[in-house]
Number of protein chains: 2
Amino acid sequence: MTPSTERAPGTSHRAAPEHANLDEVRLETALLALADPVRQTLVRALAEAGDWERPCGSFDVPVTKATLSRHFAVLREAGLLEQRDAGPRRLNRLRRPEFDARFPGLLALVLAD
Amino acid sequence: MTPSTERAPGTSHRAAPEHANLDEVRLETALLALADPVRQTLVRALAEAGDWERPCGSFDVPVTKATLSRHFAVLREAGLLEQRDAGPRRLNRLRRPEFDARFPGLLALVLAD
DNA sequence: TAGGGTGTTCGCCGACGAGCGAACACCCTG
DNA sequence: CAGGGTGTTCGCTCGTCGGCGAACACCCTA
């Protein structure tokens with residue numbers, strides 16, 4: 001009698017990553033998240049790719065996977081990233097409409113740079 | 001025969017502060033400058049005041065004048081601030097149109113926050 | 001010209017963030 | 001069920017940044 005624990009094929013038992021509530025994200029958090037050049041690279045790559053297309057390890061950035069994992073956490077906390085587990089991989093989606101609604105024009109500046 | 005060294009009354013001989021060329025300001029520099037809460041306070045106060053209205057010492061921020069001076073330098077380097085000496089004081093102007101042209105919408109986000 | 005007001009510069013300190021390797025957890029396939 | 005692949009967490013180091021006081025430079029007025 002725990003139907004909520006059932007899962008679709010390919011779904012994970014891992015603890016789902018916590019995603020930020022955009023209303024609670026402070027401007028300072030967003031600016032700091034987007035100021036880092038590695039995170040800018042990730043955001044631009046995500047914008048060019050489709051949703052849920054790219055797993056964490058598929059980005060060409062000059063850092064180890066430990067550092068990369070931390071960068072993804074920062075982007076999540078800033079409301080820029082949504083993650084979903086698919087088997088052993090963690091797929092990513094840029095939360096563009098939500099983020100644009102909260103901070104209009106900010107993401108566009110990074111993508112245009 | 002050095003007419004360029006003449007000066008209007010109230011004008012200073014002090015070395016004028018260097019102002020950034022907006023074209024050369026990187027997005028990262030602008031984001032980092034605007035991410036600091038003290039600098040956000042300064043920018044908002046400058047936006048409410050008129051150009052050349054407020055000297056450096058007239059802002060209500062909880063830092064010493066040494067730290068404040070450093071914050072102004074950061075804002076200058078980010079292309080957000082223009083300064084002019086008037087007697088013993090240094091008056092400030094928010095470079096809003098220039099900055100808006102270089103980073104559309106960014107300043108508005110800070111002012112609206 | 002002496003002095004008070006304004007702002008900058010110089011060291012120094014403490015906090016924070018990005019970086020790494022190692023260890024761990026989880027998933028899928030052989 | 002053993003192992004390779006993927007990603008996170010932990011502890012640590014190091015550089016950068018914000019903060020301060022002290023000293024200095026400059027301007028105006030008494």
Side-chain angles (χ1 to χ4, degrees), chain A residues 5 7-19 26 28-42 52-78 81-93, chain B residues 5 7-19 26 28-42 52-78 81-93:
Chain A
T5 61
R7 55 197 171 97
T11 302
S12 168
H13 263 161
R14 266 184 296 180
E18 283 191 11
H19 293 110
R26 286 180 311 167
E28 181 181 339
T29 303
L31 294 176
L32 289 175
L34 289 173
D36 183 273
V38 171
R39 288 192 288 266
Q40 290 186 2
T41 300
L42 297 176
W52 314 122
E53 204 173 295
R54 306 201 57 172
C56 292
S58 72
F59 297 87
D60 185 26
V61 286
V63 294
T64 64
K65 60 177 182 170
T67 302
L68 186 58
S69 181
R70 177 67 194 142
H71 280 303
F72 280 120
V74 171
L75 290 176
R76 265 195 334 256
E77 289 160 18
L81 190 69
E82 186 177 355
Q83 297 186 306
R84 165 183 304 177
D85 289 332
R89 309 173 183 242
R90 180 159 283 189
L91 300 180
N92 297 284
R93 172 193 160 250
Chain B
T5 62
R7 55 195 171 97
T11 301
S12 168
H13 263 159
R14 266 184 296 180
E18 283 191 13
H19 292 110
R26 287 180 311 168
E28 182 181 339
T29 304
L31 294 177
L32 290 176
L34 288 173
D36 183 272
V38 171
R39 288 192 288 267
Q40 289 186 2
T41 301
L42 297 176
W52 314 122
E53 203 173 292
R54 306 201 57 171
C56 292
S58 72
F59 297 88
D60 185 26
V61 287
V63 294
T64 64
K65 61 177 183 172
T67 302
L68 186 58
S69 181
R70 178 67 195 141
H71 280 304
F72 280 121
V74 171
L75 290 176
R76 266 195 333 255
E77 289 160 18
L81 191 66
E82 186 177 356
Q83 297 186 305
R84 165 182 306 177
D85 289 331
R89 308 173 182 241
R90 180 159 284 188
L91 300 179
N92 297 284
R93 171 191 162 252

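Reminder, nothing fancy here: chain letters follow the sequence lines and each chain counts from 1. Please read these numbers as outputs of a predicted model, since none were measured by experiment.
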What donor-acceptor contacts under 3.5 angstrom involve side-chain atoms of residues 30-40 of chain B, with partners at least two apart or in another chain?
residue	atom	partner	partner atom	Å
B:Asp36	OD1	B:Val38	N	2.8
B:Asp36	OD1	B:Arg39	N	3.1
B:Arg39	NE	B:Ala33	O	2.8
B:Arg39	NH1	B:His71	ND1	3.0
B:Arg39	NH2	B:Leu32	O	3.3
B:Gln40	OE1	B:Arg44	NH2	2.9
B:Gln40	NE2	B:Leu34	O	2.9

Length of the [atom1]-[atom2] vector between [X] and [N], whole Å:
| X | N | atom1 | atom2 | value |
| --- | --- | --- | --- | --- |
| B:Arg84 | D:dC27 | CZ | P | 17 Å |
| B:Asp85 | C:dT8 | CG | P | 8 Å |
| A:Asn92 | D:dT6 | CG | P | 14 Å |
| B:Leu91 | D:dC27 | CG | P | 14 Å |
| B:Gln83 | D:dC26 | CD | P | 17 Å |
| B:Arg90 | D:dA25 | CZ | P | 15 Å |
| B:Arg89 | C:dG4 | CZ | P | 17 Å |
| B:Leu68 | C:dG7 | CG | C1' | 9 Å |

Going by the rule side-chain contact (heavy atoms from CB on, under 4.5 Å), which residues pair with [X] if we only count those two or more places apart in sequence or in a different chain?
| X | answer |
| --- | --- |
| B:Arg84 | B:Trp52 |
| B:Glu77 | B:Arg70, B:Ala73 |
| B:Ala66 | B:Thr64 |
| A:Ser58 | A:Arg54, A:Pro55 |

### Task
Rounded to the nearest 0.5 Å, what's the gap from CG on A:Leu68 to CZ on A:Phe59? Could you check?
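That separation rounds to 8.0 Å.
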
Each nucleotide N or O in nucleotides 17-22 of chain D that has a protein N or O under 3.5 Å away: list the pair and distance.
residue	atom	partner	partner atom	Å
D:dG18	OP1	B:Arg39	NH1	3.1
D:dG18	OP1	B:Arg39	NH2	2.7
D:dG19	OP2	B:His71	NE2	2.4
D:dC20	OP2	B:Thr64	N	2.7
D:dC20	OP2	B:Thr64	OG1	3.4
D:dC20	OP2	B:Thr67	OG1	3.3

#### Entry: From C:dG7, C:dC27, D:dT8, nucleotide with atom closest to A:Pro88 side chain
C:dC27

